[in-house]
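Accompanying notes for the structure given below.
Both backbone and side-chain heavy atoms feed into the values below; hydrogens, waters and symmetry mates do not.
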Amino acid sequence: MSLTLDTYRLLGRSGLRVSPLALGAATFGTEWGWGAGRDEARKLFDLYVERGGNFIDTANTYTDGSSERLLGEFARDSRESLVLATKYTTLRRPGDPNSGGSHRKSLFASVESSLRQLGTDYIDLLYLHVWDFTTPVEEILRGMDDLVRQGKVLHVAISNAPAWQVSRMQAIADLRGWAPLVALEIEYSLIERAGERDLIPMAREMGLGVVPYSPLGGGILTGKYSRDDLNTTDGASDEGSSRKSYNIALGTVTERNLAIADVVKEVAAELGRTPAQVGLAWTLRNPGVTAPIIGARTPAQLEGNLGALEVDFTASQLARLDEASRIELGFPHDMLASDHIRRVTAGDLRIETGR
């Protein structure tokens, strides 16, 4: 069944309604060499909002702050109807160790900076951006709860953190009556399914909505990479596309990932859709996912991405995509799913788990 941007979904165990595709604002600004200038970024924003979209994702340091500043400017006349999500923890001032990290000083300073850059007096959804392995979880949770009580933040969330830490934090928040985490932002796509081991099941169990970033695997699933790129290590043959050069240097252009992209292209041809739409639709229609984040540099790219809302797969097509991209879950998941374990724990009984 086709979706639309105003087919809203609840975010985790909150009552917050969000669009099934979030607009990523990391492309707002050209400071990183591959984004959209102000006028193009405005077109992206207007197109998304006019279609009924309300969920926009940014961070305090995206495009050196231009992302938040442009988003704040564009959202000024429709602020109340939008769900603005931003993040903290990445370093804001090189050389100042306390301008980054998960601790209280960084948290409060980052939120105040984001409020100024966004031109608003509250943030709908605040993520801890990157786990720093040093700050006590009680400090993080209490600081987030203080901001919620002050009304500067409405909901809190987390990204890029170990599943066991997230579940531990959620349990502590529940026990102490602090603001719970309502969303988990992770990398997830047909070429990056590691989240299926622990992060996505944990999120479903603990009441966090999963918001995947890079649902097209850094562009691999769009079909713009070929086997020729396997022998390119510095992006020299890339005709100046710094984003493509970055992905090649990062090592995401592999034989395995290109093989997955080939299956995506085959399914796209059968459906009369683009590979990007198929890759996005696969992530979008995962029952463990709330809203993938789509990025675009031009209105045409965004228009194409929104077409993923209309994609329907056959069972055979889903099976082929799953087979091409499946990962080993490893211990203890594979063991616990084995027929032997099922027999010794339940005998011949058929038990519906809801999973």
Any [X] side-chain heavy atom under 4.5 Å of [Y] side chain:
X	Y	value
Arg168	Gln165	yes
Glu328	Asp334	yes
Pro275	Thr222	no

Phe74 six-ring face occupied by Arg69 cation (under 6.0 Å, within 45°):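 The answer is no, since Arg69 fails at least one limit relative to Phe74.
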
Within one Ile-Leu-Val-Met-Phe-Trp-Tyr cluster: Phe313 and Leu221, side-chain cutoff 4.5 Å: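 Same cluster.
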
Co-membership, hydrophobic cluster, residues Leu154 and Phe108, 4.5 Å side-chain: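 Not linked; separate clusters.
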
To the closest 0.5 Å, what do you measure between [atom1] ([X]) and [atom2] ([Y])?
X	Y	atom1	atom2	answer
Arg79	Thr120	CZ	OG1	4.0 Å
Leu3	Arg285	CG	CZ	4.5 Å
Ser189	Ile220	OG	CD1	9.5 Å
Leu284	Trp282	CG	CH2	11.5 Å
Arg42	Phe28	CZ	CZ	9.5 Å
Ile294	Thr283	CD1	OG1	12.0 Å

Minimum heavy-atom distance [X]-[Y], with the two atoms named:
X	Y	answer
Asn160	His129	ND2-O, 3.0 Å
Arg256	Ile191	NH1-O, 3.3 Å
Ala291	Ser19	CB-O, 3.3 Å
Ala296	Leu302	CB-N, 3.6 Å

Neighbour count >12 (heavy atoms, 6.0 Å) for atom CZ, Arg17: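 At most 12 heavy atoms, drawn from other residues, nucleotides or ligands, come within 6.0 Å of this atom.
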
Pairs satisfying salt bridge (Lys or Arg N to Asp or Glu O under 4.0 Å), at least one member in residues 88-99, at least two apart: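 Residue pairs with at least one partner in residues 88-99: Arg93-Asp96.
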
Is [X] salt-bridged to [Y], going by a charged N under 4.0 Å from an acidic O?
X	Y	result
Asp6	Arg51	no
Asp322	Arg193	yes
Asp262	Arg227	yes

